[in-house]
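All residue numbers refer to positions in the sequence shown, counting from 1.
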Amino acid sequence: AESTQLGFIASFFYLSYKTVQLFSEKVCPLTATRGNFVILLELITQATEFDGLPVRHNEEVLNLYMAKQIPLKLANTSMEDPHVKAALLLLGYFLDVPFPISDFILDMKSVLDQCIRVIQGMIEICKSKSYLNTLLMLINILQMIIQGLWATDPPLLQLSRKVMTPASILGLRDQGIVLLPQLMQL
């Protein structure tokens with residue numbers, strides 16, 4: 001028997017068949033805008049791989065607190081939903097929003113571990129559907145996860161947000177230093 005393309009993607013990236021089916025049905029051609037970024041991030045976090053993300057007793061209050069700290073708004077606002085929590089954790093990670101409790105740090109690690117293969121699976125689905133702009137947005141999100149930075153953040157923030165303050169980045173920019181290799185030549 002011959003396997004289907006979606007079955008191959010699910011088995012190759014160790015994804016649930018439900019996740020792959022969801023992505024196949026919901027992914028669509030998008031242009032690179034901030035609104036579409038949030039739509040794509042919400043779709044990523046709808047994966048069944050995030051069903052088990054714990055939302056502890058009264059944690060919906062902390063999720064709401066996180067949502068208020070983040071300038072981007074999610075379409076799903078059910079703060080008891082583990083998928084919403086996963087999206088909030090990722091947005092908080094990208095925007096360097098402090099987590100209200102230490103449990104969120106452990107949950108964030110779990111989300112990051114799952115995210116890479118979930119996004120890789122979605123990239124394969126976009127590739128099969130020839131959705132180039134959506135695929136490029138997913139690659140951007142994957143890079144953001146690996147670097148822990150927003151795509152538009154200065155590359156020097158990779159060092160540390162404590163070391164590289166906005167003032168120090170501006171000072172280096174005035175000297176013509178905007179990339180890490182340039183800084184290393186000082």
Side-chain angles (χ1 to χ4, degrees), residues 3-30 34-129 131 134-135 137-148 150:
S3 66
T4 66
Q5 184 175 17
L6 294 180
F8 175 78
I9 291 169
S11 67
F12 189 82
F13 293 106
Y14 301 101
L15 298 174
S16 163
Y17 73 92
K18 292 178 183 178
T19 295
V20 175
Q21 186 66 39
L22 172 76
F23 290 170
S24 180
E25 292 170 1
K26 300 279 183 170
V27 75
C28 60
L30 296 171
R34 222 164 227 224
N36 285 341
F37 168 82
V38 173
I39 289 169
L40 201 52
L41 188 70
E42 282 189 284
L43 180 56
I44 291 165
T45 57
Q46 285 304 309
T48 58
E49 284 68 18
F50 299 110
D51 286 354
L53 185 66
V55 179
R56 297 165 192 89
H57 182 67
N58 289 330
E59 208 171 65
E60 66 276 0
V61 175
L62 298 173
N63 290 341
L64 182 60
Y65 170 80
M66 281 280 297
K68 289 179 180 177
Q69 305 304 309
I70 295 169
L72 302 170
K73 300 304 168 208
L74 301 173
N76 183 354
T77 57
S78 173
M79 295 300 144
E80 302 88 19
D81 186 341
H83 304 280
V84 171
K85 181 178 177 182
L88 289 171
L89 289 171
L90 281 173
L91 287 169
Y93 174 71
F94 297 144
L95 296 167
D96 202 33
V97 173
F99 294 136
I101 58 173
S102 60
D103 287 341
F104 275 37
I105 296 168
L106 294 173
D107 295 342
M108 181 72 247
K109 289 178 182 177
S110 171
V111 169
L112 291 174
D113 287 344
Q114 299 287 337
C115 248
I116 296 194
R117 61 191 176 80
V118 168
I119 293 171
Q120 288 173 328
M122 190 185 274
I123 285 172
E124 288 300 315
I125 292 169
C126 288
K127 189 169 77 172
S128 72
K129 293 179 178 251
Y131 295 162
T134 306
L135 185 141
M137 287 176 65
L138 287 167
I139 291 171
N140 244 352
I141 292 171
L142 197 54
Q143 190 66 31
M144 290 167 58
I145 287 170
I146 291 166
Q147 292 183 320
W150 197 260

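At least one donor-acceptor pair under 3.5 Å links the side chain of Thr4 to the backbone N or O of Gly7. A distance-only check finds a donor-acceptor pair linking the side chain of Lys129 to the backbone of Ser24 [under 3.5 Å]. No donor-acceptor distance shorter than 3.5 angstrom exists from the side chain of Lys18 to the backbone of Glu49, with no hydrogens or angles considered. In this structure, the side chain of Glu42 engages the main chain of Asn76 through a donor-acceptor pair within 3.5 Å.
Of all the heavy atoms in Leu22 and Ala47, the pair that sits closest is CD2-N, 4.4 Å. Of all heavy-atom pairs spanning Phe50 and Ile44, the tightest one is CE1-O, 3.5 Å. Nearest heavy atom pair, residue Leu41 against residue Ala87, reads CD2-O, 4.1 Å. Summarising the geometry of Ser128 relative to Gln5, their closest heavy-atom pair is CB-NE2, 3.0 Å, with the distance given to 0.1 Å. The two residues Cys126 and Thr134 make their nearest non-hydrogen contact at SG-CG2, 3.6 Å.
Side-chain atoms of Gln147 and Met144, non-hydrogen and from C-beta on, never get closer than 4.5 Å to each other. In this structure, Leu90 and Met108 have side chains that are in contact, with non-hydrogen atoms separated by less than 4.5 Å. Residues Met66 and Phe99 are in side-chain contact: their nearest non-hydrogen atoms beyond the backbone lie under 4.5 Å apart. Two residues are said to be in side-chain contact when any heavy atoms from C-beta on lie closer than 4.5 Å; Phe37 and Leu91 meet this criterion.
Here CD1 of Ile146 is found 12.5 Å from CD1 of Ile141. Values are rounded to the nearest 0.5 Å.
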>> Would Leu53 and Thr45 count as a side chain to side chain contact (heavy atoms under 4.5 Å, CB included) here? Give the steps.
In response: CA-CA 11 Å; Leu53 185 66; Thr45 57; over 6 Å; no

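Under the side chain to side chain donor-acceptor pair (under 3.5 Å) criterion, Asp113 pairs with no residue, sequence neighbours left out. For the salt bridge (charged side-chain N to carboxylate O under 4.0 Å, His left out) test, residues two or more places apart in sequence or in another chain that qualify with Lys127 are Glu124. Taking Arg56 as the reference, Glu59, Asp103, Asp107 meet the salt bridge (charged side-chain N to carboxylate O under 4.0 Å, His left out) condition, with sequence neighbours excluded.
Geometrically, Lys85 engages Phe104 in a cation-pi contact, judged by NZ or CZ lying under 6.0 Å from the ring centre and within 45° of the ring axis.
Of the residues Asp81, Val84, Asn63, the one that meets the side chain to side chain contact (heavy atoms under 4.5 Å, CB included) test with Val55 is Asn63. With Leu30 as the fixed residue, the side chain to side chain contact (heavy atoms under 4.5 Å, CB included) test singles out one of Leu135, Leu40, Leu43, Leu138: Leu40.
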